[in-house]
*Asks:* 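The structure is given below, and queries will be raised subsequently.
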Amino acid sequence: MRKLDQRGVAAFEFCLDFLPFLASMFVIFDFGRYAITVQSLRALANAGARATMVGTENNTCYTDAAINKTTPACSGDPMSDDAKKAVAPFLYNGGLSPTLNVTSGASALTVTASEPGFTMAMTLLTQPLWSTSFDAPSVSTEIPFPASSP
């Protein structure tokens, strides 16, 4: 029997193994970036809730309502851009800018932090797998308040 030539088999096997390995590494890095972004948004929403409760010179709606025992009607962004950068500097990478918004509800104020410009890098390659469901993450924190007295 004649022995077959085995040259190039190792390179071919390397290619077969390396491409899925490389793709899985990119997916892991991308989900890590998403997790860091969500955690930074959570920290920003919590800092926004603290800023709303403590109040600033421009925004004292929650403290005034608590003192007067009325329902607070807060809205808008309770923090400056510099304060947001101090809390969550990772969110400003790549020219992105997070948004922070306070809305009033029946029994709670909702502080929502979002990153509208965020997109997963692997979305371009794996569009059918998770589409755009991970783009523009958003996190909310609620500040409950007691019912207003008559």
Side-chain angles (χ1 to χ4, degrees), residues 1-63 66 71-146:
M1 267 246 173
R2 196 176 112 216
K3 186 175 178 180
L4 295 175
D5 189 12
Q6 295 291 317
R7 289 180 296 175
V9 172
F12 179 72
E13 288 177 354
F14 176 77
C15 289
L16 288 178
D17 293 339
F18 186 69
L19 291 178
F21 174 74
L22 188 65
S24 64
M25 289 303 295
F26 280 128
V27 168
I28 289 169
F29 291 148
D30 209 17
F31 274 119
R33 189 173 68 95
Y34 178 78
I36 290 171
T37 300
V38 169
Q39 181 61 30
S40 296
L41 285 172
R42 191 170 291 120
L44 184 62
N46 290 339
R50 281 190 297 276
T52 300
M53 289 173 59
V54 171
T56 61
E57 62 275 355
N58 298 334
N59 185 4
T60 59
C61 71
Y62 186 85
T63 53
T71 301
C74 303
S75 63
D77 189 347
M79 297 176 69
S80 66
D81 280 339
D82 291 335
K84 288 185 216 174
K85 284 181 184 178
V87 171
F90 178 79
L91 295 176
Y92 287 88
N93 288 345
L96 298 177
S97 181
T99 60
L100 190 62
N101 192 22
V102 178
T103 56
S104 296
S107 62
L109 294 176
T110 303
V111 182
T112 304
S114 61
E115 186 75 279
F118 181 87
T119 55
M120 297 281 283
M122 290 302 290
T123 302
L124 301 173
L125 300 175
T126 59
Q127 190 70 22
L129 288 178
W130 56 71
S131 183
T132 58
S133 58
F134 290 103
D135 291 347
S138 178
V139 174
S140 296
T141 298
E142 288 191 353
I143 307 169
F145 53 83

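Numbers for residues simply follow the sequence, beginning at 1.
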*Asks:* What heavy-atom pair brings Pro144 and Ala108 nearest, and what distance separates the two atoms?
*Replies:* CA-CB, 4.0 Å

*Asks:* Could you give the distance from CD (Gln39) to CZ (Phe90), rounded to the nearest 0.5 Å?
*Replies:* 11.5 Å

*Asks:* Just say parallel, tilted or perpendicular for the rings of Phe14 and Phe18, cut-offs at 30° and 60°.
*Replies:* parallel

*Asks:* Measure across Lys84 and Met79 and return the closest heavy-atom pair with its distance rounded to 0.1 Å.
*Replies:* CE-O, 3.6 Å

*Asks:* Does Thr99 form a side-chain contact (heavy atoms from CB on, under 4.5 Å) with Asp77? I'd like the steps, not just the answer.
*Replies:* CA-CA 8 Å; Thr99 60; Asp77 189 347; over 6 Å; no

*Asks:* Using side-chain contact (heavy atoms from CB on, under 4.5 Å), reason through Phe145 and Met53 one step at a time and then give a plain yes or no.
*Replies:* CA-CA 10 Å; Phe145 53 83; Met53 289 173 59; over 6 Å; no

*Asks:* Looking at every non-hydrogen atom in both residues, tell me the closest pair between Leu100 and Gly48 and how far apart they are.
*Replies:* CD2-CA, 3.8 Å

*Asks:* For Cys74, is there any backbone N or O sitting under 3.5 Å from a side-chain donor or acceptor partner on Ser104?
*Replies:* yes

*Asks:* Enter the distance from Lys85:NZ to Leu44:CG here, rounded to the nearest 0.5 Å.
*Replies:* 13.0 Å

*Asks:* For Ser140, run the side-chain hydrogen bond (donor to acceptor under 3.5 Å, both in side chains) check against Thr103, Thr110, Thr112 and tell me which one passes.
*Replies:* Thr112

*Asks:* Roughly how far, to the nearest 0.5 Å, is the CZ atom of Phe21 from the CZ atom of Phe26?
*Replies:* 10.5 Å

*Asks:* Quick check: closest heavy atoms across Arg33 and Met120, and the distance to 0.1 Å?
*Replies:* NH2-CA, 3.7 Å

*Asks:* Hey, could you give me the CD1/CZ distance between Ile143 and Arg50, rounded to the nearest 0.5 Å?
*Replies:* 10.5 Å

*Asks:* In the structure I gave you, are the side-chain heavy atoms of Asp30 and Tyr34 within less than 4.5 Å of one another anywhere?
*Replies:* no

*Asks:* State, to 0.1 Å, how close Ser97 and Pro116 come at their nearest heavy-atom pair, and which atoms those are.
*Replies:* O-CD, 3.9 Å

*Asks:* Do you know the tightest heavy-atom contact between Leu41 and Pro98?
*Replies:* CD2-CB, 4.5 Å

*Asks:* Give the intermediate values and the outcome of side-chain contact (heavy atoms from CB on, under 4.5 Å) for residues Thr37 and Leu91.
*Replies:* CA-CA 7 Å; Thr37 300; Leu91 295 176; 3.8 Å; yes

